[in-house]
Structures are given as C-alpha cells and as structure tokens.
**Q** 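Before we start, here is the structure in question, set down as structure tokens.
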Amino acid sequence: MIDLDTIVSLCKRRGFIFQSSEIYGGLGSAWDYGPLGVELKRNIKNLWWRDNVHLRDDMVGLDAAITMHPKVWEASGHVGHFADPFTGCGDCGRYYRADHTASAVVESKWYQAVKKALAGPSGQKDPEKAVCNWAQSDGKKLAPNLPWVKNPNEPAGPLLDLLAKSAPLHACPSCGGRLSDPRPANLMLHTLLGPVEQTALKVYLRPETAQGIFVNFVNVAQSTRKKLPFGIAQVGKAFRNEITPGNFTFRTREFEQMEIEYFCMPGTDEEWHQRWIDERFAWYPKYGIRKENLRQREHAKDELAHYAKRTVDIEYLFPMGWSELEGIANRTDYDLKQHAQFSGQRLTYFDEEKKVHIVPYVIEPSGGADRATLAFLVDAYTEEQVRGEKRVSLRFHPEIAPIKIAVLPLLRNRPDVVETAHRVCDDLRRTWMSVYDDTAAIGRLYRRQDEVGTPFCVTVDVQTVGDKEKGETDDQKVTVRERDSMEQIRVPIADLPSCMRECMDGRWAEAKRRHPAQPVKE
RNA sequence: GCGGGCGUAAUUCAGUGGUAGAAUGCCACCUUCCCAAGGUGGACGUCGCCGGUUCGAAUCCGGUCGCCCGCUCCA
C-alpha cells in the first residue's frame, strides 16, 4: 500500500492539491485543488450527479445556501448534540465527552493497574503503601500526570477512597492529568451576518448539507409534482470544527458533501435503505475503485446518530487504514417532524390513495467529495518497472481522469508535424479535455502523462504529414497509445473522434482489432 | 491542545558554528521517426517564521506556525 506522503507530494508536484495558504506557513486542515485536482474532483461530482440525478426519474437536485436560519440547527439537534459538553485534559490536551469520562477512567490502563496492585498481597496488607509503590513504578509510565505519581508526598487517601467506592475519578483516562470542568464544545463554525457586529445575527456554517434539503422538502415536492418515493440530491460545502483534522484531505474543517435525501413511504424505508446501500456500494467500482479496497460496516446500536434507525458505512482501505467514504443512514421521519414542530409548518406528503397526510421516511446516502477524490487518487496510483526504470502512473478510469487525451508531436523541429498536432488537438478539445505538449522527447512526454493519469496519447509523426523531400506521401494517420498497457495502434485522423469515443468507453480491445498496431521500437 | 518525530530548491534528501549541496524534475536551444535517450546552456532556496546567544547561526537556545504518528470526531 502506498503511503500518503507519496500521494501528497505527487499531488503538489503535478498540480492536483496544494496546502491552503502555503506561503504563509499553511493553514491546518484546508487544502486547495490545483488545475488537475479541480478537474478530477469535478469529474467525480459530475458523475455522481449524472448517475444519481440525471439518469433517474425519481431524483431532483438542489443547491441550498450555506448559511441558514439559526433555528434549523436547533430543530436538527445539532445545537444540542453537536455541542455535547467536552472536558479537556490540562496536561496532555486530550478531549473527552464529559458523559464518557467516568467509564473511560474505569476502563483505562492505569485505573486497572491500580486496582490490580491493590488486589495483590501487599495491597491487602497496606493499601496506601501499595498505591505509593505503584505510583513510583508502573504509574510513571501509565499515568505520568496523576497527582500521586507526580508528587510522592501527595496523600493517597483520596485515591483509595475513590477506588473503594468505585466513584468516578476526575482524572484523564489516558495520562491521569487534571480534567477541566465540562464546557460546551462548539463543533459548528459560525459567523456574523450583518455589517455591524453588535446587531449582527449569529449564524452557523452548515455542518451538513442535509438540512437544506429537509427545509425545502415541501417547496421541491410542490414545484416538481414528485410522487413518493423520490429523492433530492445536493453537492456542497459543509463545515465542522473537527477536534483533530488530518490525513491530508481526509478530515478537514471545510469539506464538500454529496448527499441524497430519499423520501419514501413509512414501512418501505428498510427496503429502500438496503437498495441505496447496494446502489452506492456498486458506484465506486464502476469508476475503477478496486472492490477489495471497499467494504461495508454496520453501525453498532450504541454508535448510531440520534436520528438514525440504521446506518451502514462504505469504507475504503486508505493508506492509514479502513476509513469512511460514505454513510448511508435511515433517518426515519425525525428531521421532517422536528422541522414541522420548530417551524409550525406542515411538512407532510398527501397520500392520494388513502387521503391522508403522512410524514415520509428518509434514507440518506451521504458521501464526501474530498474523500472520494482521495480514494480515487490512492486507488489509481501504480508503480511498476519498465525497462529498468520506475514508471509511476495514475490508472484513472477515463471518465475520472483530469486530462483525457494528450496530443504529442514525435518531432518538434518539423513545422508540418507540429502544426498537424495542434490541429488534431484543437479538434479533440471540443469533445474531450485535451492538452498539447512538445517540450520533451516522446518517452518523457508519455511518462508525464502517465503520472497525471491521462488514459490516451495521440502522436503525430512524419508519416502522418508525409516527407516531401523523400517523395513520401502523407498517410494522415496518428498513433494512439493506451496508458496502462502502453500498446499503440495507428488510426486515420478522420476516424479519431469515433475511435476515441470507443477508447473512452473502455473498448480498447475493439479499437485494437479495427486498427493496426504501431510497434514500439526496442 | 499533550507526547514522540519532523520542517533546507518544484520533489526526495545530504549538510551540527565559518555567509548553502546532490539527485530527480523544470526552462531554452540543438539533436532525435515511439516509451523518463544524448549534448549545451539556464532559472531556482533571506535553510518555516520571529527573537536570543555569538565576531559569525541552516547548525545552539526560546517562542511561534505547520506537517506526520498516537489519543478523539465524522463525510
């Protein structure tokens, strides 16, 4: 498995992804997509949109504002749940949910070790001494910041009392340090709407795009006359004060989501949930992600979000391990009911058959655009030995690849070759993202394109235009070279559009049958 | 935020007190009829930032910012 650093440096070197504000020392947790990165990510978002919206009769799109009425987040539960009181360790800086610290202490290594020491023979005889001994030996490793470890003179009595009563100990589960009083953590970013700070409205930057869909449910249903079941898709930025951003673009505080809220009849929700899980799981391999690098993970009951009846994650084997790419949750009727209650509006669907108003159930496939982009990059990365040299290539699916075709003149000192290559390139550009390059020998040009994942190169040579001095006629044919196999075929310029279409559709074998091979010189 | 590691050219890295090096890459020209070919020339770093010690700091010290690994959160 390739390490993330290799991907990071390739991304920078070739213009996929740069660190935000790099000239000022960088901003943690923010990344900028360069010329190739923006193409890559846009391709992924467009394919997602095409497959989930355009190719389906039961889906429509939406693009809601990032800032919304503050009440949205009260209704959604984010103000309550996203602001769970947290407590921080003053010594090691770790954060814990305040309601989890007591159990975390009991399960901690140092707590277990103290208990064990007390249960031993010397512990039975003189508990206080046993604790002191432990504190000055194992305790130094396990809980260096525990008061009794830091200071041998600290009376062990309070510690013993706490252990005896199994009372929660207000100490860091990890290092034994002093925990701060619980304080509300602000996992949502906010800003002030209005030019004068004193009178401005404090609004949140949405922590998920989903709520923009829920609050527009009735608008969309009425304006599109959609019947249940139907879904609303949205791609857009969301913001969260992650406690620990990191792993390149995997966890950032500003990120882009690709979300669907699929509204269905109560009672059919479980079936739709499973259908979306299958649908979304099959989507990634469709564009080249290797199946062995994908898996599903069912959320345990105690890790389900407050709104969820069932959640299944699609995980990808990133360089740092299996991590979430997309989550598919059954959000039940929770959100619509909440918004109905908080807004006082009726957010229901009228069932024509039964003549009743119902609150639809909602299935939410929620993917990360940045995470998907990273997964496609990692999965495409390939190193191999070619003639004793390392060849690095990104084996992107043609629909994913930022550049589809590179047009390269075999010789740069022949004006007619160069001119023809330019003309061929300009023609291809109208349909496919294409580039022209003549600044190096052909071998180097191929390697450059391999490294950014261009699936096909088109090469113009002297035969294409004919060598009039030698009395040779032009054949008006070019070489098409496939990235992964490095195989080459010779194709008439006139047939290039149809041949390239075939190639982009993954029918290289057919193109090969129809066109003669262009041998590679050894 | 704490512990550990780290920050020198676009990239990967060498350089532990005497005003910066290599390889690859990049640019120009020449050469070259298909896989990082060859030749000639070239650009490139106020050594993350700020301060201190010193006659002198990439090198030592302090602070700060950022990155990686661990602890937590999720898309």
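Throughout, a chain's letter reflects where its sequence line sits, starting with A, and its residues are numbered from 1. In this text, all values refer to a predicted model and were calculated from it rather than measured experimentally.
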**Q** Give me the distance, rounded to whole Å, that separates B/rU8 from B/rA23 when you measure between the C1' atoms they each carry.
**A**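 15 Å, rounded to whole Å.
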**Q** In whole Å, I'd like the distance from the CZ atom of A/F250 to the P atom of B/rC69.
**A**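 It works out to 12 Å between those atoms.
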**Q** Assess A/R280 against A/W276: is NZ or CZ under 6.0 Å from the centre of the six-membered ring, and within 45 degrees of the ring's axis?
**A**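 No - A/R280 does not lie over the ring of A/W276 by the 6.0 Å and 45° rule.
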**Q** Taking 5.5 Å and 30° as the limits, would you call A/F255 and the base of B/rA75 a stacked pair?
**A**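 Yes; centroid distance and tilt both under limits.
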**Q** Side chain of A/Q257: nearest nucleotide among B/rA75, B/rA37, B/rC33?
**A**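 It is B/rA75.
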**Q** Suppose you measure atom C1' in B/rC6 against the same atom in B/rC74; what distance do you get, rounded to whole Å?
**A**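 It comes out at 28 Å once rounded to the nearest Å.
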**Q** Output the single nucleotide from B/rC34, B/rA75, B/rA37 whose closest atom is nearest the side chain of A/Y446.
**A**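 Closest nucleotide to the A/Y446 side chain: B/rC34.
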**Q** CD of A/E208 versus P of B/rA75: gap in Å, rounded?
**A**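 Rounding to the nearest Å, CD of A/E208 and P of B/rA75 are 8 Å apart.
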**Q** Figure out the CZ/C1' separation between A/R414 and B/rC34, and round it to whole Å.
**A**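 Those two atoms, CZ and C1', are 16 Å apart.
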**Q** Nearest heavy-atom pair of A/P519 and A/Q488: which atoms, and what distance?
**A**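 That would be O-NE2, 4.0 Å.
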**Q** In whole angstrom, give me the gap between the C1' atoms of B/rG3 and B/rU46.
**A**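 Pairwise C1' distance, B/rG3 against B/rU46, rounds to 33 Å.
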**Q** A cation-pi test, strictly: NZ or CZ of A/R481 under 6.0 Å from the centre of the six-membered ring of A/F456 and no more than 45 degrees from its axis. Yes or no?
**A**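 Judged by the rule (NZ or CZ under 6.0 Å from the ring centre, within 45° of its axis), A/R481 is not positioned above A/F456.
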**Q** For B/rU40, what is the paired nucleotide under Watson-Crick or G-U wobble rules, both distances under 3.5 Å?
**A**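 Per the H-bond distance test, B/rA28.
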**Q** Could you tell me whether the side chain of A/R240 has a donor or acceptor atom within less than 3.5 Å of a complementary atom in the base of B/rA75?
**A**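 Indeed, a donor on one side and an acceptor on the other fall under 3.5 Å apart.
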**Q** Would you classify A/T252 as touching base, sugar-phosphate or nothing, given that sugar-phosphate means primed atoms plus P, OP1 and OP2, and contacts are heavy atoms under 4.0 Å?
**A**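 Base, at least one base atom sits under 4.0 Å.
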**Q** According to the Watson-Crick and G-U wobble definitions, with both distances under 3.5 Å, which nucleotide is paired to B/rG18?
**A**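 In the structure as shown, B/rG18 has B/rC55 as its Watson-Crick or wobble partner.
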**Q** Looking only at side-chain N and O atoms, does A/D370 offer a donor or acceptor that is under 3.5 Å from a partner on A/T373?
**A**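 No, A/D370 and A/T373 have no side-chain donor paired with an acceptor closer than 3.5 Å.
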**Q** Can you tell me the Watson-Crick or wobble partner of B/rU11, both distances under 3.5 angstrom?
**A**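 B/rA23 - that is the nucleotide pairing with B/rU11, both distances being under 3.5 Å.
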**Q** Can you check the distance between B/rG45 and B/rA58, where both ends of the measurement are the C1' atom (answer in whole Å)?
**A**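 So the two C1' atoms sit 11 Å from each other.
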**Q** Can you measure A/R253 atom CZ to B/rC74 atom C1' for me and round it to whole angstrom units?
**A**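 Rounded to the whole Å, the gap is 13 Å.
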**Q** Looking across every strand, which nucleic acid part, if any, lies under 4.0 Å from A/L410 by heavy atom: base, sugar-phosphate, or nothing?
**A**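 Here A/L410 touches the bases of the nucleic acid.
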**Q** Are any of the side-chain heavy atoms of A/Q463 and A/K477 separated by less than 4.5 Å?
**A**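 Sidechains of A/K477 and A/Q463: no contact.
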**Q** Counting only distance, no hydrogens or angles, is the base of B/rC30 paired donor-acceptor with the side chain of A/N413 under 3.5 Å?
**A**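 For A/N413, whose side chain was compared with the base of B/rC30, there is no donor-acceptor pair (under 3.5 Å).
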**Q** What nucleic acid atoms does A/Q488 come within less than 4.0 Å of, heavy atoms only: base, sugar-phosphate, or nothing?
**A**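 Contact class for A/Q488: base.
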**Q** Does either side chain, that of A/S76 or that of A/Y307, offer a donor lying less than 3.5 Å from an acceptor on the other one?
**A**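 Side-chain D/A pair, A/S76 to A/Y307: absent.
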**Q** Could you tell me whether A/N247 contacts a base, only the sugar-phosphate backbone, or nothing, with contacts defined as non-hydrogen atoms closer than 4.0 Å?
**A**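 Sugar-phosphate, backbone atoms only, no base.
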**Q** Nearest whole Å is fine: how far is B/rC34 P from A/D450 CG?
**A**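 From A/D450 CG to B/rC34 P: 17 Å.
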**Q** Can you check the distance between B/rC71 and B/rC61, where both ends of the measurement are the C1' atom (answer in whole Å)?
**A**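 It works out to 30 Å between them.
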**Q** Name the nucleic acid region contacted by A/R251, choosing base, sugar-phosphate or nothing; use a 4.0 angstrom heavy-atom cut-off, strictly under.
**A**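 A/R251: base contact, heavy atoms under 4.0 Å.
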**Q** Taking the minimum atom-to-atom distance to the side chain of A/R371, which one of B/rC67, B/rC30, B/rC74 wins?
**A**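 For A/R371, the side-chain atoms sit closest to B/rC74.
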**Q** Hunt down the Watson-Crick or G-U wobble partner of B/rG62, both distances under 3.5 Å, from any strand shown, or write none.
**A**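 Its partner is B/rC50 (Watson-Crick or G-U wobble, both distances under 3.5 Å).
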**Q** Looking at B/rC27, B/rC35, B/rU32, which one has an atom nearest to any side-chain atom of A/L411?
**A**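 In terms of side-chain proximity for A/L411, the closest of B/rC27, B/rC35, B/rU32 is B/rU32.
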**Q** Using the C1' atom as the point on both nucleotides, what is the distance between B/rA9 and B/rU24, in whole Å?
**A**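 So the two C1' atoms sit 12 Å from each other.
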**Q** Return the nearest nucleotide to the side chain of A/R481; candidates are B/rU31, B/rC35, B/rC34.
**A**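 Ranking B/rU31, B/rC35, B/rC34 by closest atom to the A/R481 side chain puts B/rC35 first.
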**Q** Can you pull out the residues from residues 32-49 of chain A that lie within a 4.0 Å heavy-atom distance of RNA chain B?
**A**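 Contacting residues: none.
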**Q** Between A/Q274 and A/D278, do the side chains contain an N or O donor and an N or O acceptor separated by less than 3.5 Å?
**A**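 Yes, side-chain donor-acceptor contact under 3.5 Å.
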**Q** For residues A/F250 and A/E324, report the shortest heavy-atom separation together with the two atoms involved.
**A**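 For A/F250 versus A/E324, the nearest heavy atoms are CE1-O, 3.4 Å.
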**Q** Tell me which nucleotide, if any, is Watson-Crick or G-U wobble paired with B/rC67 when both distances must be under 3.5 Å.
**A**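 Its partner is B/rG5.
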**Q** Report the distance from atom CG of A/N241 to atom C1' of B/rU72, rounded to the nearest whole Å.
**A**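 Taking atom C1' of B/rU72 as the reference, CG of A/N241 is at 14 Å.
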**Q** Between A/R483 (CZ) and B/rC34 (P), how many Å, whole number?
**A**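 Going from CZ in A/R483 over to P in B/rC34 covers 24 Å.
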**Q** For atom C1', what is the distance between B/rG66 and B/rC49, given to the nearest Å?
**A**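 The same atom, C1', in both gives a distance of 10 Å.
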**Q** Quick check: on RNA chain B, is the nucleotide nearest A/V478 upstream (toward 5') of the one nearest A/G368, or the reverse? Name the residue that is more 5'.
**A**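 Closer to the 5' end of RNA chain B: A/V478.
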**Q** Using a heavy-atom cut-off of under 4.0 Å over every strand shown, decide if A/F248 touches base, sugar-phosphate, or nothing.
**A**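 The answer is sugar-phosphate, as A/F248 gets under 4.0 Å only of primed atoms, P, OP1 or OP2.
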**Q** Name the residue closer to the 5' end of RNA chain B, choosing between A/M320 and A/G327 according to the nucleotide with the nearest heavy atom.
**A**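 Whichever sits nearer the 5' end wins; that is A/M320.
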**Q** May I ask you to check whether A/E326 and A/Y284 show a side-chain donor-acceptor distance below 3.5 Å?
**A**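 Side chains of A/E326 and A/Y284: pair found under 3.5 Å.
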**Q** May I ask you to test the A/I17-A/L377 pair for a side-chain heavy-atom distance under 4.5 Å?
**A**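 Answer yes - side chains close enough.
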**Q** Heavy atoms from C-beta onward define the side chain here; which of B/rC34, B/rC33, B/rA36 lies closest to that of A/V462?
**A**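 Closest of the options to the side chain of A/V462: B/rC33.
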**Q** Which nucleotide wins on minimum distance to the side chain of A/T459, given the candidates B/rC29, B/rC34, B/rC74?
**A**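 Selected nucleotide (nearest to the side chain): B/rC34.
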**Q** So, do A/V392 and A/T382 sit near enough that their side-chain heavy atoms are less than 4.5 Å apart?
**A**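 They are not in side-chain contact.
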**Q** Please give the distance between the C1' atoms of B/rC13 and B/rA20 as a whole number of Å.
**A**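 Their C1' atoms lie roughly 14 Å apart.
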**Q** Contact class for A/L408 vs. all strands (heavy atom < 4.0 Å): base, sugar-phosphate, or nothing?
**A**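 Here A/L408 touches no strand at all.
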**Q** For A/T479, answer base if it contacts any base atom (sugar-phosphate contacts may also be present), sugar-phosphate if it contacts only those atoms, and nothing otherwise; contact means non-hydrogen atoms under 4.0 Å.
**A**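 Base: the residue A/T479, judged by heavy atoms under 4.0 Å, touches a nucleobase.
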**Q** Is the shortest side-chain N/O distance from A/R387 to OP1 or OP2 of B/rC35 below 4.0 Å?
**A**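 Indeed, a polar side-chain atom of A/R387 lies that close.
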**Q** Any side-chain N or O of A/R448 below 4.0 angstrom from OP1/OP2 of B/rC26?
**A**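 It does, given that an N or O in the side chain of A/R448 lies less than 4.0 Å from OP1 or OP2 of B/rC26.
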**Q** Which parts of nucleotides 9-15 of chain B does protein reach within less than 4.0 Å, heavy atoms only, written one letter per nucleotide 5' to 3' as B for base, S for sugar-phosphate only and - for none?
**A** -SSS---
**Q** Between A/R391, A/R444, A/K390, which is the residue that forms a salt bridge (charged side-chain N to carboxylate O under 4.0 Å, His left out) with A/D450?
**A**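 With A/D450 as partner, salt bridge (charged side-chain N to carboxylate O under 4.0 Å, His left out) holds for just one option, A/R391.
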**Q** Looking at A/I328, A/D313, A/I363, which one forms a side chain to side chain contact (heavy atoms under 4.5 Å, CB included) with A/I277?
**A**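 So, applying the side chain to side chain contact (heavy atoms under 4.5 Å, CB included) to A/I277 and each of A/I328, A/D313, A/I363, only A/I328 qualifies.
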**Q** For A/H78 and B/rC74, give me the distance from atom NE2 to atom P, rounded to whole Å.
**A**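 In whole Å, B/rC74 P and A/H78 NE2 are 10 Å from each other.
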**Q** For residues A/D438 and A/P409, report the shortest heavy-atom separation together with the two atoms involved.
**A**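 For A/D438 and A/P409, the tightest heavy-atom pair comes out as CB-CG, 3.4 Å.
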**Q** Which is true for A/E256 with a 4.0 Å heavy-atom rule: it touches a base, it touches only sugar-phosphate, or it touches nothing?
**A**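 No contact.
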**Q** Considering only side-chain heavy atoms of A/R412, which listed nucleotide, B/rA36, B/rC34, B/rC30, is closest?
**A**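 The answer is B/rC30.
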